[in-house]
Amino acid sequence: MKKSVKLVVLTAIMAVGLTGCGKVKLANYKGLEGQKIVFDITDEDVRNAVDDMMYEYVQYDPITDRGAQNGDYVNLTYKVTVDGEYNEDLSGEDEDICVGEEYVYPEVEKALVGMKTGDNKTVNVKLSEDYVEDDLVGKEASVDVTVNEISVENLPEYNDEFVKENLGFDSVAAYEEDLKQQLYAEKEEEYKYDSFYEMLQEVIDNSTFGSYSKSLYSECEEEYNSSNESMAAMYGMELKDYEEFMEIDEKTKKSDIEAMIHEKQVIEAIAKNEGLEVSDKEIKEFAEQNYASYECESADAFIEEYGEDSIKDYLLMDKICNFIYENAKLTEISEEEYLEAKESEDFDEDAEEDGESEEVESEEE
């Protein structure tokens, strides 16, 4: 099973504590208007979750007596030359792809069909916007590709015997009923957090903030940069290039960091007002329940890796989430209505950003 939304939130709180955040004059945080999203877990949701689970048990059997076919998994190394020069950014080493899934250039995938382990080919390709940046689109490139290994996906049969042996349930029906309840709990938690963060933002927007220490700003700045570095690495980019791509200038960065500080100030103030605390026992219980989800060997290993203070801060945030949500005036809304509203809201934000960009360009002209 994937990590729950609460576990995902935990990683976002790890880097900086919530104590010593400075003064704040809190806006009202009780009886806020909020939404309760009404939803159901469909049979399709359960099937998709089963498919995801089954891939935890997949095996890949090597193929040595034939060439690659569509649907095979191929480990390959490819070296790309553009304008007569080797391009490291476009090349790959020991990469696994599924032939036919368009992970690499179409001309290369076509050439892979029939190639055996150890075979090498040079393929000419035309670079498209799906694979390269604008300055290279339309250019011709030479790709030297070598097949290192070919394998086929082998999934075990999903039946009563499988769930008994691997999942601890007597039957597929029993497992899927339990799975449905888990999916419901996870989505309920996710939507509760969505509603909570909207209400929390309202509190932040209407609160008045005093000064904060330079050390707090530095800590938040470090957390902010670390987050951007992770995103940049995910896209195979340097931090500077990622920030330029995301249009993060110094003004935007400072605004984002101060927003982080204000959230921490509000959280600390609400906790103090309501006497919300986290005990050592609660930290230990949380670690016992969740260490496996973080691929830690034990609860003690989980606490050692993430730190008691960080886990405590997360659990405090969770208590504040429950407090605000339980004391809010909630209006029920269907999942379909909620998602449509979110999509419309995102569209409006994008349109507003585009309008601002056009206005800036006009002023520059």
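Residues D160 and S171 come closest through the heavy atom pair OD1-CA, 3.5 Å.
With sequence neighbours excluded, the residues satisfying side chain to side chain donor-acceptor pair (under 3.5 Å) with D256 are Y224. Take E161 and apply the side-chain contact (heavy atoms from CB on, under 4.5 Å) test, not counting sequence neighbours, and it matches N159.
Y294 and Y306 have perpendicular rings, their planes meeting at more than 60° on a 0 to 90° scale where under 30° would count as parallel. In this pair, Y191 and Y338 present their aromatic rings perpendicular. The plane angle is above 60°, beyond the 30 to 60° band.
Applying the ring pair (Phe, Tyr, Trp, His ring centres under 6.0 Å) test to residues at least two apart or on different chains, the pairs with a partner in residues 84-122 are Y105-Y131.
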Could you tabulate the donor-acceptor pairs under 3.5 Å formed by side-chain atoms of residues 36-45, not counting sequence neighbours?
residue	atom	partner	partner atom	Å
T42	OG1	E44	N	3.4
T42	OG1	D45	N	3.1
T42	OG1	D45	OD2	3.1
D45	OD2	T42	N	3.0

Could you give the side-chain donor-acceptor pairs of residues 77-85 under 3.5 Å, partners two or more places apart or in another chain?
residue	atom	partner	partner atom	Å
T77	OG1	D94	N	3.2
T77	OG1	N148	ND2	3.1
Y78	OH	E95	OE1	3.0
D83	OD2	K139	NZ	2.7

Distance-only donor-acceptor hits, side chain of residues 150-158, under 3.5 Å, sequence neighbours excluded:
residue	atom	partner	partner atom	Å
E153	OE1	Y55	OH	2.9
E153	OE2	Y55	OH	3.2
E153	OE2	Y73	OH	3.0
N154	ND2	D61	OD2	3.1
Y158	OH	E176	OE2	2.9

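Under a cut-off of 6.0 angstrom, the local environment of CD in E101 is crowded, with over 12 non-hydrogen atoms contributed by other residues, nucleotides or ligands.
With 3.5 Å as the limit, one finds a donor-acceptor pair spanning the side chains of N322 and K192.
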Carefully, step by step, assess F196 and Y325 under the rule ring pair (Phe, Tyr, Trp, His ring centres under 6.0 Å). CA-CA 6 Å; F196 159 65; Y325 191 80; 8.8 Å; no

